[in-house]
Amino acid sequence: MQPNRPADKYSPLYFLASVGAGGLSVTFFMYLMFWVPHPGQPVPVFEDIMTAFTTGSAGMKAAIVVAWLGIAAMVFLNLKYLIWNLKSFSAFRKTEAYTTLKNSNAETTILAMPLALAMSVNGMFVAGLVFVPKLWLIVEYLFPFAMAAFLAIGILALIYIGDFLGRVLTKGGVFDVTAHNSFAQMLPAFALAMTAVGFSAPAAMSTNTMVVGVSLVGSTFFGIASIIYAVLALFTAFNSMLHYGTSKETAPTLLIVIPLMTILGIMALRQDHGLHATFEVHGSAGETMIFLARLIAIQVLFGLLGLVMLARHGYWKSYVFGNETSPGSYALVCPGVALSVLLQFFINSGLVQAGVLGKFSVMYWVITGIAIVFQFAMVALVVRLNKQHFGRATPQAVPAE
């Protein structure tokens with residue numbers, strides 16, 4: 001008898017199960033970020049949330065409870081699947097399948113590991129802000145450790161990228177251009193961007209000039225590396241797609257530009273805040289609004305392209321609602337999460353700050369409702385995919401030889 005869970009046939013893409021849950025914890029944090037008053041610091045902390053819960057309206061209390069439950073559940077799933085993946089990846093490295101992977105286009109799927117590590121550090125920081133009392137009193141001491149962690153993750157990502165590029169750029173003909181008919185090769189850019197956004201957090205939160213400076217420079221390095229890699233991967237992939245068509249199983253990767261825009265957008269907002277608060281570099285609310293609008297425009301356009309391809313391939317029917325499974329299905333979670341998060345920033349840091357929209361007005365809730373619909377659709381998708389891939393295995397008889 002042998003187990004027959006799809007997850008038992010391991011792929012590094014299962015790290016995306018951890019990434020998706022971590023991203024969803026951020027969508028719940030958006031409730032607290034933009035609805036809970038937090039005077040004195042750029043993000044809400046435990047004390048601000050407790051004050052709002054004690055003195056706020058019934059709606060505020062309900063939103064805080066939903067945020068608490070959502071953050072706790074998603075950070076738990078994030079860490080659960082990170083630990084499972086690290087153990088499984090360690091065993092996978094000793095197999096022939098790993099050797100085969102390392103000598104194929106799919107070698108870059110290994111970058112899902114540093115991507116998940118960076119997401120988990122971000123997720124734990126969110127959980128710390130929300131659940132740990134008096135954390136803000138010692139936060140300045142935590143920033144150097146956080147940046148050291150992101151630097152280590154970034155170096156790990158660069159090592160894996162170097163292994164891949166060193167192989168395909170020195171041995172001609174080993175990269176299969178016919179299999180480059182998706183945006184799968186943009187995964188390294190995603191990992192670098194996640195490192196960059198984590199590295200940029202101290203720029204927005206610290207009051208120490210040196211910490212802010214290091215954060216700005218470090219996040220800029222990884223952000224620029226991400227953009228360069230993404231541009232090269234995108235144009236070469238599009239050329240291959242025009243020649244050979246798109247691949248059904250890797251069709252979800254066509255949506256990877258959406259989370260990339262959100263992550264790099266948040267990095268830019270954090271850097272702008274650091275430049276404003278520490279170095280007296282001032283930007284206007286109107287500039288922020290139009291910057292976020294441009295990012296959302298890119299997301300919508302690539303989202304439409306991706307959805308057309310998914311529909312033409314019958315991907316949803318096969319891999320999400322049908323009996324077929326692919327670890328790449330988890331790549332569908334990140335775009336919905338990213339669109340929800342960037343919409344919240346566009347509404348609150350863009351439209352409200354620029355005076356286009358009144359905070360908590362009817363139109364405010366209409367547009368915010370779109371972000372919440374995306375959020376809970378992704379919660380449902382995560383539940384569905386986890387059941388498909390990690391559900392209880394039914395024993396299956398091994399045929400007699």
Side-chain angles (χ1 to χ4, degrees), residues 22-72 74-75 121-143 146 197-198 200-208 211-212 215 262 265-278 282-283 285 288-289 292 340-355 357-361 364-365 367-368 371-372 375:
L24 279 169
S25 71
V26 177
T27 65
F28 285 103
F29 182 68
M30 292 295 98
Y31 297 7
L32 308 175
M33 177 76 181
F34 295 119
W35 303 344
V36 170
H38 44 91
Q41 71 275 333
V43 289
V45 294
F46 176 82
E47 289 74 16
D48 299 316
I49 299 162
M50 288 307 299
T51 300
F53 186 74
T54 306
T55 62
S57 63
M60 176 69 83
K61 290 177 180 178
I64 290 172
V65 169
V66 172
W68 274 337
L69 294 174
I71 292 168
M74 292 305 155
V75 169
V121 176
N122 285 319
M124 286 190 288
F125 192 75
V126 164
L129 291 174
V130 174
F131 295 115
V132 179
K134 301 188 184 302
L135 182 71
W136 203 253
L137 297 178
I138 59 163
V139 75
E140 288 289 355
Y141 299 102
L142 301 178
F143 289 143
V197 75
S200 68
M205 300 181 202
S206 179
T207 55
N208 183 293
V211 168
V212 173
S215 174
T262 293
I266 293 172
M267 179 199 77
L269 291 177
R270 287 174 167 180
Q271 289 184 333
D272 284 348
H273 189 279
L275 288 168
H276 166 74
T278 307
H282 302 294
T288 300
M289 178 183 70
L292 293 171
S340 176
V341 170
L342 197 64
L343 271 173
Q344 291 274 23
F345 274 97
F346 176 59
I347 295 161
N348 294 279
S349 299
L351 298 175
V352 172
Q353 289 296 319
L357 207 61
K359 190 158 189 177
F360 303 142
S361 64
Y364 175 94
W365 288 117
I367 305 174
T368 299
I372 293 173
Q375 175 190 14

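The figures that follow rest on heavy atoms only: side chains count, while hydrogens, waters and symmetry mates do not.
- Ring geometry, Phe53 versus Trp68: the interplanar angle falls from 30° to 60°, so the pair is classed tilted.
- Closest approach of Thr288 to Ser349, counting heavy atoms only: CG2-O, 3.7 Å.
- For the atom pair CZ (Phe28) and CD1 (Ile64), the distance works out to 14.5 Å, reported to the nearest 0.5 Å.
- Residues Trp35 and Phe360 meet the side-chain proximity criterion, which asks for heavy atoms closer than 4.5 Å.
- Counting only residues at least two apart or on different chains, the side-chain hydrogen bond (donor to acceptor under 3.5 Å, both in side chains) pairs with a member in residues 37-46 are Gln41-Asp48.
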Inset, instruction - Please step through side chain to side chain contact (heavy atoms under 4.5 Å, CB included) for the pair Phe346 and Leu351, ending with a clear verdict. - result: CA-CA 6 Å; Phe346 176 59; Leu351 298 175; 3.8 Å; yes

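- Rounded to the nearest 0.5 angstrom, Ile372 CD1 and Trp365 CH2 are separated by 6.5 Å.
- Summarising the geometry, atom CE belonging to Met205 is positioned 9.5 Å from atom NE2 belonging to His273; distances are rounded to the nearest 0.5 Å.
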Inset, instruction - Decide yes or no on side chain to side chain contact (heavy atoms under 4.5 Å, CB included) for Trp136 and Leu129, but give the supporting numbers first. - result: CA-CA 8 Å; Trp136 203 253; Leu129 291 174; 4.1 Å; yes

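- By the side chain to side chain contact (heavy atoms under 4.5 Å, CB included) test, Gln353 pairs with Ala285, sequence neighbours left out.
- Note that CG of Leu357 and CE of Met289 are 11.0 Å apart. Values are rounded to the nearest 0.5 Å.
- Here the CD1-OH distance, from Ile49 to Tyr31, works out to 14.0 Å after rounding to the nearest 0.5 Å.
- In this structure, CD in Gln375 is found 3.5 Å from OG1 in Thr27, a value given to the nearest 0.5 Å.
- With contacts defined as side-chain heavy-atom distances shorter than 4.5 Å, the pair Val36/Met60 qualifies.
- Minimum heavy-atom separation, Ser200 to Gln271: CB-CG, 4.5 Å.
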Inset, instruction - Dump the intermediate steps for side chain to side chain contact (heavy atoms under 4.5 Å, CB included) on Val45 and Val139, then the final yes or no. - result: CA-CA 11 Å; Val45 294; Val139 75; over 6 Å; no

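- In this structure Ala371 satisfies the side chain to side chain contact (heavy atoms under 4.5 Å, CB included) test together with Ser340, Leu343, Gln344, sequence neighbours excluded.
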